[in-house]
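Being a predicted model, the structure only gives us computed values, none of them experimental. In what follows, chains carry the letters A, B, and so on, assigned in the order in which the sequence lines appear, proteins first and then strands, with residues in each chain numbered from 1.
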Protein chains: 2
Amino acid sequence: MNAPATIGTTEKVADAIRSGIRTGQFVPGQHLVEAELTLRLGISRSSLREALRHLSGDGIVAIHRYRGAHINRLTRREVRDLLEVLEQLVTLAARLGAASGHANRSLMDAALEAARRHDADGDHRTYIAVRQAFYDCLFEVAGNQELPRVTPLRRADLFRAQIRPYQTREQQDSHTEGYRAIAQTVNAGDVEAAEAAVAALFAQTREMVDVLPDMAFEGD
Amino acid sequence: MNAPATIGTTEKVADAIRSGIRTGQFVPGQHLVEAELTLRLGISRSSLREALRHLSGDGIVAIHRYRGAHINRLTRREVRDLLEVLEQLVTLAARLGAASGHANRSLMDAALEAARRHDADGDHRTYIAVRQAFYDCLFEVAGNQELPRVTPLRRADLFRAQIRPYQTREQQDSHTEGYRAIAQTVNAGDVEAAEAAVAALFAQTREMVDVLPDMAFEGD
DNA sequence: GCCGTCAATATCGTCCTACGATTTCATCTG
DNA sequence: CAGATGAAATCGTAGGACGATATTGACGGC
């Protein structure tokens, strides 16, 4: 509906890197050498640099003069700050969604369905898809166009990538369960319950962050 | 403290455009022709395009394939959505700032001082400076590094630019007064009062948006 | 053996040119 | 005057060039 008719090289490259972070092809801290990436992606330096500049705006890569770009690696403190902001925005989304009374049940149903699928296989790829679908739906029912633009979900992907080695299957399931709780309360139009569900999800995530070993944040 | 030792052309260009929006040199809706801008700013197309790509990430300019870039122009709906998100983030900042109990009074004092100066001359330039100083201080005392990155202040600048012709001196003063109220309550460490002050400021802004003529949003 | 100096190398930042792709706009035709 | 048409403007991408800077490794002094 809102997508440009044609999509340019820059966007494709940026998407490739973003999705590469989710799939583990790129890891936080990794140095991105222009010459190598242009070869690997089959594009020119101009396009690559534009894409990197775009990603740096989202806080996904950092560019240091004459030292090039690297995938950002978040410190524990940055993760805490990020979660604080994220919770605030997701809370707003849940509140708006619950209050809107939209008949978008079908949308949220899709998220729930995906969550159920995740329970079945437990694959990390599915987990990522569930997460993506959940947030897409949530923003859709919230009906605030600014929300998806501002919410630092891509930055949160960095966090997800960093903690992946330390996350147990139980924690993943628990997190997915949190999504489901939010989806249900939003669907029911219960504003207070939805806010509580969001708070619970983030409290749980914060707890996990506090327990994580230093290596997840400083490690090399 | 956190600034790179050297600043590159791309950043300079992006800053030039951003500040040009604040000063009225660039107006929302304006088409940005690459050839003209490279001449005017004395830079290469590569650097300009990187800067535009960066700005498009912040939602300041929009790039349409083969049709170039233009300064974004917000619809009334987009402004409402923007204010909703902005209020949420500023509320968080105020809450964190008030709760931190930091002895950053000196910082907020600077903002208040600037506000006083604005009362004196009433120049629009001073108004902009006050706004900037206020938010800088607020983020500083909030102590959350993610907040300034996420908060769509640059996008709000677009809104400011669009409504400037319709804004009276009284409204500006009233808005500045709102900043002062937030600063004082945050300084006092009164969380509830600070949240209320933020809510009051945004309620006032929303009211203004509702009354504004269509021309401020659709106008050509 | 350790540390500072210095040259060689790798990489980046910026500018430039080139050319196909697409839109825009003035002109022509009926 | 509507629609087709072609020229001009502008953009998107590729790729080369060269100075600027960081990094690396060799060298020599202690």
Side-chain angles (χ1 to χ4, degrees), chain A residues 2-20 25-73 218 220, chain B residues 1-20 25-73 220:
Chain A
N2 212 356
T6 61
I7 192 168
T9 305
T10 301
E11 281 79 13
K12 271 190 290 192
V13 172
D15 279 347
I17 295 179
R18 272 190 285 252
S19 96
Q25 201 169 351
F26 295 106
V27 303
Q30 177 175 347
H31 186 55
L32 300 175
V33 180
E34 293 183 358
E36 184 211 321
L37 272 186
T38 53
L39 282 180
R40 183 153 142 203
L41 300 173
I43 56 167
S44 71
R45 248 183 102 198
S46 325
S47 300
L48 175 64
R49 286 181 59 86
E50 282 185 30
L52 290 178
R53 201 57 85 165
H54 185 80
L55 292 173
S56 90
D58 287 347
I60 293 177
V61 311
I63 300 179
H64 284 88
R65 198 146 211 260
Y66 296 115
R67 275 191 287 166
H70 60 89
I71 310 283
N72 256 335
R73 187 176 182 84
E218 324 284 344
D220 202 344
Chain B
M1 48 145 77
N2 213 355
T6 61
I7 191 169
T9 305
T10 301
E11 281 78 12
K12 270 190 290 193
V13 172
D15 279 347
I17 295 178
R18 271 191 284 253
S19 96
Q25 204 168 349
F26 295 106
V27 303
Q30 176 175 347
H31 186 56
L32 300 176
V33 181
E34 293 183 357
E36 185 211 322
L37 271 186
T38 53
L39 281 181
R40 185 155 139 199
L41 300 174
I43 55 167
S44 71
R45 248 183 104 198
S46 323
S47 301
L48 175 64
R49 284 180 60 84
E50 283 186 29
L52 290 178
R53 202 57 85 167
H54 185 79
L55 292 173
S56 91
D58 287 348
I60 293 178
V61 311
I63 300 179
H64 284 89
R65 200 147 208 260
Y66 295 117
R67 275 191 287 165
H70 60 88
I71 311 282
N72 256 335
R73 186 177 183 83
D220 199 348

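Taking a heavy-atom distance under 4.0 Å as the criterion, the stretch of DNA chain C touched by chain A extends 5' to 3' from C:dC12 to C:dT14. Heavy-atom contacts of chain A under 4.0 Å fall on DNA chain D between two terminal nucleotides, which in 5' to 3' order are D:dT13 to D:dT23.
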Output side-chain donor-acceptor pairs under 3.5 Å for residues 43-53 of chain B, partner residues at least two apart or in another chain, one line each.
unit_1	atom_1	unit_2	atom_2	d
B:Ser44	OG	B:Ser47	N	3.4
B:Ser44	OG	B:Ser47	OG	3.4
B:Arg45	NE	B:Glu34	OE1	2.8
B:Arg45	NH2	B:Glu34	OE1	3.2
B:Arg49	NE	A:Glu50	OE2	2.7
B:Arg49	NH1	B:Glu34	OE2	2.7
B:Arg49	NH2	A:Glu50	OE1	3.4
B:Arg49	NH2	A:Glu50	OE2	3.3
B:Glu50	OE1	A:Arg49	NH2	3.4
B:Glu50	OE1	A:Arg53	NE	3.1
B:Glu50	OE1	A:Arg53	NH2	3.0
B:Glu50	OE1	B:Thr10	OG1	3.4
B:Glu50	OE2	A:Arg49	NE	2.8
B:Glu50	OE2	A:Arg49	NH2	3.4
B:Arg53	NE	A:Glu50	OE1	3.2
B:Arg53	NH1	A:Glu11	OE2	3.0
B:Arg53	NH2	A:Thr10	OG1	3.4
B:Arg53	NH2	A:Glu50	OE1	3.0

> Step by step, would you call A:Asp15 with A:Arg18 a salt bridge (charged side-chain N to carboxylate O under 4.0 Å, His left out)?
Replying inline: CA-CA 5 Å; A:Asp15 279 347; A:Arg18 272 190 285 252; 3.0 Å; yes
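For A:Arg40, the salt bridge (charged side-chain N to carboxylate O under 4.0 Å, His left out) test picks out A:Glu36, with sequence neighbours left out. Taking A:Arg65 as the reference, nothing meets the salt bridge (charged side-chain N to carboxylate O under 4.0 Å, His left out) condition, with sequence neighbours excluded.
Among A:Leu55, A:Val61, A:Val27, the one residue that satisfies the side-chain contact (heavy atoms from CB on, under 4.5 Å) test with A:Ile71 is A:Val61.
Pairs passing the ring pair (Phe, Tyr, Trp, His ring centres under 6.0 Å) check and including a residue from residues 41-70 of chain B, sequence neighbours excluded, read B:His64-B:His70.
Interatomic distance, B:Leu37 CG to B:Ile17 CD1, rounded to the nearest 0.5 Å: 6.0 Å. We find the CD1-CG distance between B:Ile63 and B:Asn72 to be 10.0 Å, quoted to the nearest 0.5 Å.
Side chains of B:Ile60 and B:Phe26 form no contact here, defined as non-hydrogen atoms less than 4.5 Å apart.
Residues from residues 38-62 of chain B with heavy atoms under 4.0 angstrom of DNA chain D, sorted by number: B:Arg45, B:Arg49.
An angle of 10°, rounded to 10°, separates the two end axes of the helix from C:dG1-D:dC30 to C:dG30-D:dC1, each defined over five pairs.
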